[in-house]
Structure formats: structure tokens, C-alpha cells
Amino acid sequence: MKTWEQRKLKLLADFSKGAGYSKKDIIDQGTPIVLYGRLYTNYQVNITTIKDTFVKVRPGSVFSECNDVIVPASGETAEDIARASHVCISGAVLGGDLNIIKPKINIIDSSFLALCISNGQQNKELIKRAQGKSIVHLHNSDLKQVVLKYPSKRNQSMIARIFDKTDNLIAANEYNLKNALNIRGRLNLHLLT
């Protein structure tokens with residue numbers, strides 16, 4: 001069994017930033033966009049579709065490429081911004097206040113990287129690196145210094161799939177629980193009154 005390797009993220013990825021859109025730019029139809037707030041209000045490890053936020057594209061827009069990993073550049077607390085999502089689709093606009101990590105896909109699985117940043121030792125490291133008082137910031141220069149410990153690409157993908165299947169199972173059971181509670185409420189209303 002091969003041991004896990006350990007390297008700074010700057011050796012495993014390229015880095016860039018999203019470009020200047022905000023909530024006020026949202027329209028009913030247009031090009032899908034990921035704004036940094038999505039990582040708080042509708043967090044997903046893997047963003048596979050965008051059905052609720054659209055913008056009119058303007059010059060200087062930055063578009064996602066499959067396997068990008070995004071990290072908020074600012075937030076209210078260090079814990080808030082030490083999270084990441086893997087953007088599984090190409091062509092979505094990536095709004096301002098997002099750091100974009102483009103892993104070397106032959107070495108690093110994007111879902112695995114997003115999981116590590118959001119939950120692993122890298123999360124604790126980013127919390128320490130976040131700077132600011134009322135608003136905290138994470139810069140690409142901070143992300144580049146994060147040390148990533150990782151197995152083979154194949155094993156990274158297997159780990160990411162396990163977490164994805166577990167998240168899907170949790171979501172399905174949350175839906176079932178909500179329906180069961182709804183039925184219970186109706187029974188209370190009709191049988192006990």
C-alpha cells in the first residue's frame with residue numbers, strides 16, 4: 001500500500017479569482033452564476049447544477065471549468081470562509097469574492113480537495129490563516145501555503161464517492177423524515193381533535 005504524500009497546495013494547483021458580480025446582478029434567466037454566498041446558504045461539496053441564480057454576462061467575467069474548486073475570499077468568521085466546493089460544470093460565471101483553485105487533475109481529485117478544505121486538517125489551517133476583525137479574508141496566497149496530505153488519485157476519488165453517497169443518503173432521509181412528520185401532523189389534526 002502506497003503511503004500518503006504531503007505537499008503545499010501551491011505545488012498541486014493553479015490559483016485565480018472570480019470577477020465582480022453580486023446579488024444585485026441576479027436576473028430570472030441568463031448564464032448560471034456561483035456567488036460566494038452560495039457556499040453559506042446552499043452549501044454543496046459538489047456543485048453539479050445551478051438552477052436558481054443567473055446573470056447577464058459582461059466583459060471580464062470569469063467562467064468555471066469542470067474541476068474548479070472555489071473558496072470564499074471573505075466572510076463574517078474564519079469558520080465561515082474555511083470551506084470549499086467543487087464546481088462540476090463548465091461555463092458558469094464565478095462571481096467576485098471567490099478564490100478559484102484549479103488542481104492538477106492527474107494528481108488531485110477536486111471533490112477530495114473540497115472535502116479536505118471544508119472538513120480536514122486544512123480547514124483548521126485556513127481558520128488560523130484567515131485575517132480580519134469584523135470581516136475576515138482568505139487570499140490565494142493563504143491557500144497556496146496550505147499543506148495537503150493525499151493518497152493516490154484513485155483512492156482520493158473513492159473517498160470522495162463515499163462522502164457523496166453518504167450525503168445523498170442523508171438528503172434522502174431528511175426528505176423522508178419531513179414527509180413522515182407531515183403525515184404525523186395530519187394524523188394528529190384529524191384523529192386527535
Side-chain angles (χ1 to χ4, degrees), residues 1-18 32-53 62-73 75 78-95 98-127 129-130 138 140 142-176:
M1 179 183 218
K2 190 173 180 184
T3 61
W4 287 37
E5 295 189 42
Q6 184 172 311
R7 290 199 180 113
K8 286 189 177 182
L9 204 47
K10 69 181 179 181
L11 301 173
L12 302 169
D14 294 316
F15 299 82
S16 60
K17 292 275 293 171
I33 185 170
V34 179
L35 295 170
Y36 82 101
R38 181 186 189 100
L39 276 75
Y40 308 118
T41 59
N42 186 20
Y43 176 73
Q44 300 167 282
V45 172
N46 297 301
I47 299 173
T48 56
T49 60
I50 302 168
K51 298 179 180 178
D52 55 352
T53 49
V62 175
F63 295 93
S64 66
E65 295 175 9
C66 192
N67 295 317
D68 285 350
V69 175
I70 54 175
V71 178
E79 292 79 11
D80 283 346
I81 62 175
R83 66 176 59 200
S85 288
H86 165 211
V87 182
C88 304
I89 52 176
S90 295
V93 173
L94 298 177
L98 287 175
N99 294 304
I100 304 166
I101 306 171
K102 295 182 179 295
K104 295 180 180 175
I105 60 170
N106 59 329
I107 301 173
I108 299 298
D109 180 275
S110 296
S111 293
F112 176 82
L113 178 58
L115 284 163
C116 288
I117 290 172
S118 299
N119 304 290
Q121 183 61 37
Q122 296 73 23
N123 177 268
K124 293 174 184 66
E125 192 176 339
L126 285 175
I127 288 171
R129 290 183 181 278
L138 269 178
N140 277 326
D142 299 314
L143 293 167
K144 288 177 182 181
Q145 297 307 312
V146 168
V147 175
L148 181 67
K149 193 172 181 181
Y150 59 95
S152 69
K153 172 87 182 277
R154 180 176 178 269
N155 286 344
Q156 292 172 52
S157 297
M158 288 183 352
I159 291 167
R161 276 197 304 278
I162 289 168
F163 277 91
D164 190 47
K165 288 181 184 219
T166 304
D167 288 345
N168 291 338
L169 183 62
I170 291 168
N173 282 310
E174 285 174 344
Y175 177 79
N176 290 337

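Values reported hereafter were calculated over all heavy atoms of this structure, with side chains retained and with hydrogens, waters and symmetry mates removed.
- For Thr48, the side-chain contact (heavy atoms from CB on, under 4.5 Å) partners at least two apart in sequence or on another chain are Asn46, Cys88.
- Remark: side-chain polar atoms of Glu125 are not paired, donor with acceptor, to backbone N or O of Ile117 under 3.5 angstrom.
- Sorted by first then second residue, the salt bridge (Lys or Arg N to Asp or Glu O under 4.0 Å) pairs that include residues 144-157, not counting sequence neighbours, number zero.
- Among residues at least two apart or in separate chains, side-chain hydrogen bond (donor to acceptor under 3.5 Å, both in side chains) pairs with a member in residues 32-41 are Arg38-Gln44, Arg38-Asp52.
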With a cut-off of 3.5 Å and sequence neighbours excluded, list every side-chain donor-acceptor pair involving residues 9-16.
none

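- One finds the CD1 atom of Ile81 at 8.5 Å from the CG atom of Asp142 (value rounded to the nearest 0.5 Å).
- For Arg7, the side chain to side chain donor-acceptor pair (under 3.5 Å) criterion is met by Glu5, Tyr150, not counting sequence neighbours.
- One distance of note links CD1 of Ile159 with SG of Cys116; it measures 7.5 Å at 0.5 Å rounding.
- In this structure, the side chains of Gln6 and Leu148 stay at 4.5 Å or more apart for every pair of heavy atoms.
- Leu115 contributes atom CG, which lies 11.0 Å from atom OG of Ser110 (distance to the nearest 0.5 angstrom).
- When all heavy atoms of Ile50 and Thr53 are compared, the pair lying nearest together is CG2-OG1, 3.5 Å.
- When atom types are taken as modelled, the side chain of Asn99 and the backbone of Lys17 share no donor-acceptor pair closer than 3.5 angstrom.
- The CG atom of Asp109 sits 8.5 Å away from atom CZ of Arg161, with the distance rounded to the nearest 0.5 Å.
- Residues satisfying the side chain to side chain donor-acceptor pair (under 3.5 Å) test with Gln145, not counting sequence neighbours, are Lys8.
- For the residue pair Val146 and Gln122, the shortest heavy atom distance occurs at CG1-CG, 3.5 Å.
- Looking at every heavy atom in both residues, Ile127 comes nearest to Ala82 through CG1-CB, 3.7 Å.
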Side-chain donor/acceptor pairs under 3.5 Å, residues 63-72, sequence neighbours excluded:
| residue | atom | partner | partner atom | Å |
| --- | --- | --- | --- | --- |
| Ser64 | OG | Ile89 | O | 2.7 |
| Ser64 | OG | Gly91 | N | 3.3 |
| Ser64 | OG | Ala92 | N | 3.0 |
| Ser64 | OG | Ala92 | O | 3.4 |
| Asn67 | OD1 | His86 | NE2 | 3.2 |
| Asp68 | OD1 | Lys102 | NZ | 2.8 |
| Asp68 | OD2 | Glu65 | N | 2.9 |
| Asp68 | OD2 | Lys102 | NZ | 3.1 |

Only pairs under 3.5 Å count here: list side-chain donor-acceptor contacts from residues 168-175, not counting sequence neighbours, and write none if there are none.
| residue | atom | partner | partner atom | Å |
| --- | --- | --- | --- | --- |
| Asn168 | ND2 | Asp164 | O | 3.4 |
| Asn173 | ND2 | Leu169 | O | 3.1 |

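- Of all the heavy atoms in Leu113 and Pro103, the pair that sits closest is CD2-CG, 3.8 Å.
- Using a 4.5 Å heavy-atom cutoff, the side chains of Ile101 and Leu143 are in contact.
- A salt bridge (Lys or Arg N to Asp or Glu O under 4.0 Å) check over residues 81-94, counting only residues at least two apart or in different chains, returns nothing.
- For Ser118, the side chain to side chain donor-acceptor pair (under 3.5 Å) criterion is met by Tyr43, not counting sequence neighbours.
- Distance CH2/Trp4 to CD/Gln156: 8.0 Å, rounded to 0.5 Å.
- Proximity of a side-chain donor or acceptor of Asp80 to a complementary backbone N or O of Gly75 within less than 3.5 Å is not detected.
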